Amino acid sequence: VLSNSNAMNNLKIFLLRNYGSMKNVGEELRLNEATIRSWCEARPRNMMKYLPEISKQCEATYAEIISEVMERESELNP
């Protein structure tokens, strides 16, 4: 079950803080917004496929990004 797409979570906050909008995330990574939303709402580990791009674009370490992904994963699968 997907959560309310307007609800905030750590992964969404991370992406918004670094990209400004979900639309910008999609444009920068050449993905559609539905894919980005699915990372935040249901499948955060899928985001790790884009670690190099996200790391470079956000100036975040792999460890920082993985930490955000795993925090969201633990919320979804307690």
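These numbers were taken from a predicted model, which means no experiment stands behind them. Below, all heavy atoms of this structure are taken into account, side chains as well, without hydrogens, waters or symmetry copies.
- Considering CD of E75 and CG of L11, their distance stands at 9.0 Å, rounded to 0.5 Å.
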Hey, can you pull the donor-acceptor pairs under 3.5 Å for the side chains in residues 13-20, sequence neighbours left out?
| unit_1 | atom_1 | unit_2 | atom_2 | d |
| --- | --- | --- | --- | --- |
| N18 | ND2 | F14 | O | 2.8 |
| Y19 | OH | Q57 | OE1 | 2.6 |

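- Inter-residue side-chain proximity for M22 and K12 is flagged as met; some heavy-atom pair is nearer than 4.5 Å.
- Annotation: side chain of R72 is not in contact with side chain of E68 (no heavy-atom distance under 4.5 Å).
- A salt bridge (Lys or Arg N to Asp or Glu O under 4.0 Å) check over residues 20-29, counting only residues at least two apart or in different chains, returns the pairs K23-E27.
- Minimum heavy-atom separation, L76 to E41: CD2-O, 3.5 Å.
- A63 pairs by the side-chain contact (heavy atoms from CB on, under 4.5 Å) definition with T61, not counting sequence neighbours.
- Interatomic distance, L51 CG to E64 CD, rounded to the nearest 0.5 Å: 11.5 Å.
- Between the side chain of N10 and the backbone N or O of E71, no donor-acceptor pair lies under 3.5 Å.
- Screening residues 45-62 for salt bridge (Lys or Arg N to Asp or Glu O under 4.0 Å) gives R45-E73 as the qualifying pairs, with residues at least two apart or on separate chains.
- We find the CZ-CE distance between R43 and M48 to be 14.5 Å, quoted to the nearest 0.5 Å.
- Note that CZ of R37 and CG of L31 are 12.5 Å apart. Values are rounded to the nearest 0.5 Å.
- Residue pairs meeting the ring-ring contact (aromatic ring centres under 6.0 Å, His included) criterion with at least one partner in residues 43-78, sequence neighbours excluded, are W39-Y50.
- Residues that satisfy the side-chain hydrogen bond (donor to acceptor under 3.5 Å, both in side chains) test with S55, not counting sequence neighbours, are absent from this structure.
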